[in-house]
**Student:** 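I'd like to ask you about the structure that follows.
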Protein chains: 2
Amino acid sequence: MTALKRIEREPLWDLAHAQLRDALLAGRFAPGTVLTLRALAESFGTSITPVRDAVTRLVAQGVLQQGPRNAAIVPHLTARELGDLTVVRCALEGQAAREAARRCNTAGLERLKSLLATMQSLIAAKNLESYLDYHRQFHFEIYAMSGVPILVETIENMWLRCGPVLSFVIPEYVVLLKGWDHHTAALKAIVAGDADAAEREIVADITEAADYLASLADANGQLRRPLREALATS
Amino acid sequence: MTALKRIEREPLWDLAHAQLRDALLAGRFAPGTVLTLRALAESFGTSITPVRDAVTRLVAQGVLQQGPRNAAIVPHLTARELGDLTVVRCALEGQAAREAARRCNTAGLERLKSLLATMQSLIAAKNLESYLDYHRQFHFEIYAMSGVPILVETIENMWLRCGPVLSFVIPEYVVLLKGWDHHTAALKAIVAGDADAAEREIVADITEAADYLASLADANGQLRRPLREALATS
DNA sequence: TTTTGGTGTTTGTTATAACAAACATCTTAA
DNA sequence: TTAAGATGTTTGTTATAACAAACACCAAAA
């Protein structure tokens with residue numbers, strides 16, 4: 001009788017965490033900004049307790065850095081740090097692709113083919129926003145196929161640390177540098193069960209994108225958005 | 001004039017975090033135990049606010065699992081999960097060893113030689129407690145040599161997730177299975193700048209220890225301490 | 001002009017109280 | 001005897017107030 005019992009009592013700090021995370025990923029906070037607990041609480045319409053939990057969690061994940069007086073600051077990603085992240089990502093995502101090539105299943109392969117087709121049509125339509133979303137889904141469909149949850153979780157953390165930089169890719173890069181070609185090659189390697197090729201293609205995809213992003217760095221090693229107006233905090 | 005200004009005002013939640021972390025690593029909490037905020041607060045002599053911060057951070061790091069009602073429970077590591085962790089560790093620590101072989105410096109190499117000598121003498125003295133400590137230092141001295149902070153940080157997180165299982169190795173294993181031989185071989189590979197050999201030795205060290213631990217699993221895949229009385233919660 | 005001292009504000013930290021959901025226990029009716 | 005309901009306890013969640021350190025700003029003395 002209590003079929004509609006679904007309370008969905010999600011805690012406020014969980015909502016705050018998700019919203020903060022998305023805002024960070026979308027680059028809605030300028031790098032270097034100190035996130036004040038009281039200011040965030042006001043913008044969320046809650047007390048500081050839930051936002052404190054959310055910020056604590058984000059700092060523990062490495063998504064936010066902690067400043068001098070334990071203040072949470074949104075990190076600027078230097079070219080050096082992007083290179084470090086690329087090393088870790090290649091190790092993790094390369095291994096995940098390798099495992100995926102061994103344990104691939106037909107259902108997952110169908111999803112990958114579908115995602116790849118969607119990505120190609122979005123490229124043709126020059127719809128970058130949606131493309132980045134499906135691009136993320138494509139990668140993580142592969143990683144989920146590895147069957148190693150901790151690996152997927154750790155890779156997600158690295159993507160979070162890359163933060164808004166992932167959205168810096170401009171359509172010209174995606175179209176001209178044949179970046180998606182590694183995606184089709186990776187999928188082909190996975191269906192063939194070729195772990196070496198799968199790893200090689202994923203690593204190439206990551207490093208080529210990272211090299212492109214590194215070329216955007218200024219003299220101080222700061223990475224900035226290429227064109228496209230940068231939205232302020234909100 | 002204010003030379004002795006060092007206040008060392010470390011927050012309470014930082015102390016609670018460190019103590020909880022060490023207790024988890026030492027296996028002082030039985031797997032499956034639900035950590036109650038009020039009970040922890042009483043044991044620390046503080047209010048629940050600092051321990052809540054500490055627990056939130058540990059859950060975000062993946063060191064603690066969150067139970068049904070957002071309760072923090074200390075995870076039991078199954079043989080399956082240990083295998084997953086081993087895959088991730090091999091990818092990360094293998095890459096770190098590879099980088100260390102490229103960027104090795106004389107100061108670090110001296111520290112590694114010293115640590116290795118200490119480890120061998122501790123093995124001879126059958127002092128397992130101290131050995132495990134120096135064993136940890138030896139590994140992370142290599143990883144720090146990679147010069148990739150994010151890589152080191154991620155590896156630390158994996159070691160935390162392995163939790164108390166790392167202390168399950170018994171002296172017989174360390175002495176008989178020549179486990180430390182991989183350590184000398186890894187150091188030799190690093191001084192020679194042989195990245196392939198360094199990765200191979202570190203991976204072998206990890207997988208051999210993991211295989212030994214997996215042999216301790218019961219029919220349910222639960223990993224338990226071999227002999228040695230298991231200390232209760234406190 | 002520069003430096004020193006004070007004052008008010010900002011901000012993270014901690015304790016405490018109140019709340020609601022979940023669990024446990026016991027009573028009562030069929 | 002068993003099942004259903006009431007009740008008290010446990011426990012995470014949230015708001016609020018108070019505290020202390022750090023910062024910002026300004027005034028006064030050298």
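Values below: every heavy atom of this structure, side chains too, minus hydrogens, waters and symmetry copies. Below, read A as the first sequence line, B as the second, and so on, with proteins coming before strands; counting in each chain starts at 1.
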**Student:** What's the closest nucleotide to the side chain of Thr49(B) if the choices are dT14(C), dT14(D), dG12(C)?
**Tutor:**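 Out of dT14(C), dT14(D), dG12(C), the nucleotide with an atom closest to Thr49(B)'s side chain is dT14(C).
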**Student:** Respond yes when some side-chain nitrogen or oxygen of Arg38(A) is under 4.0 Å from OP1 or OP2 of dT10(C), and no when none is.
**Tutor:**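 The answer is no; no side-chain N or O of Arg38(A) sits under 4.0 Å from OP1 or OP2.
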**Student:** Which residue lies toward the 5' end of DNA chain C, Leu35(A) or Ser47(B), if each is placed at its nearest nucleotide?
**Tutor:**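 Checking each residue's closest nucleotide, the 5'-ward one belongs to Leu35(A).
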**Student:** Between Val34(B) and Gly45(A), which residue's closest nucleotide on DNA chain D lies nearer the 5′ terminus?
**Tutor:**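 Closer to the 5' end of DNA chain D: Val34(B).
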**Student:** If the cut-off is 4.0 Å, is Asn70(B) near the phosphate of dT13(D), judged by side-chain N/O to OP1 or OP2?
**Tutor:**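 Yes, Asn70(B) has a side-chain N/O under 4.0 Å of OP1/OP2 on dT13(D).
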**Student:** Closest to the Ile48(A) side chain: dA15(D), dT13(C), dA15(C)?
**Tutor:**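 Taking heavy atoms from C-beta onward, the closest nucleotide is dT13(C).
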**Student:** Return the set of residues passing ring-ring contact (aromatic ring centres under 6.0 Å, His included) with His135(A) (not counting sequence neighbours), or none when no residue passes.
**Tutor:**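 For His135(A), the residues satisfying ring-ring contact (aromatic ring centres under 6.0 Å, His included) (neighbours in sequence not counted) are Tyr131(A), His139(A), His183(A).
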**Student:** So Leu40(B), base contact, sugar-phosphate only, or nothing? Heavy-atom distance under 4.0 Å.
**Tutor:**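 Since no nucleic acid heavy atom lies under 4.0 Å of Leu40(B), the category is nothing.
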**Student:** Which parts of residues 11-18 of chain A get close to DNA chain D, meaning a heavy atom less than 4.0 angstrom away?
**Tutor:**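 Contacts with DNA chain D under 4.0 Å: Pro11(A), Leu12(A), Trp13(A).
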**Student:** Name all residues meeting the side chain to side chain donor-acceptor pair (under 3.5 Å) criterion together with Glu153(A); count only those two or more places apart in sequence or in a different chain, and write none if there are none.
**Tutor:**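 For Glu153(A) the side chain to side chain donor-acceptor pair (under 3.5 Å) partners, ignoring immediate neighbours, are Arg161(B).
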**Student:** At 4.0 Å (heavy atoms only), tell me whether Thr36(B) reaches a base, stays on the sugar-phosphate, or touches nothing.
**Tutor:**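 Contact class for Thr36(B): sugar-phosphate only.
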**Student:** Is there a side-chain contact between Phe140(A) and Glu93(A) (heavy atoms, below 4.5 Å)?
**Tutor:**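 The answer is no, as the side chains (C-beta and beyond) never meet within the 4.5 Å cut-off.
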**Student:** Could you work out, with side-chain contact (heavy atoms from CB on, under 4.5 Å) as the rule, every residue matching Ala91(B), not counting sequence neighbours?
**Tutor:**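 Partners of Ala91(B) by the side-chain contact (heavy atoms from CB on, under 4.5 Å) criterion, ordered by chain and then number, come out as Gln95(A).
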**Student:** Got a sec, which residues hit salt bridge (charged side-chain N to carboxylate O under 4.0 Å, His left out) with Glu141(A), two or more places apart in sequence or on another chain?
**Tutor:**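 For Glu141(A), the residues satisfying salt bridge (charged side-chain N to carboxylate O under 4.0 Å, His left out) (neighbours in sequence not counted) are Arg111(A).
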**Student:** Under 3.5 Å, which donor-acceptor pairs link side chains of residues 58-77 of chain B to any protein atom two or more places apart or in another chain?
**Tutor:**
none

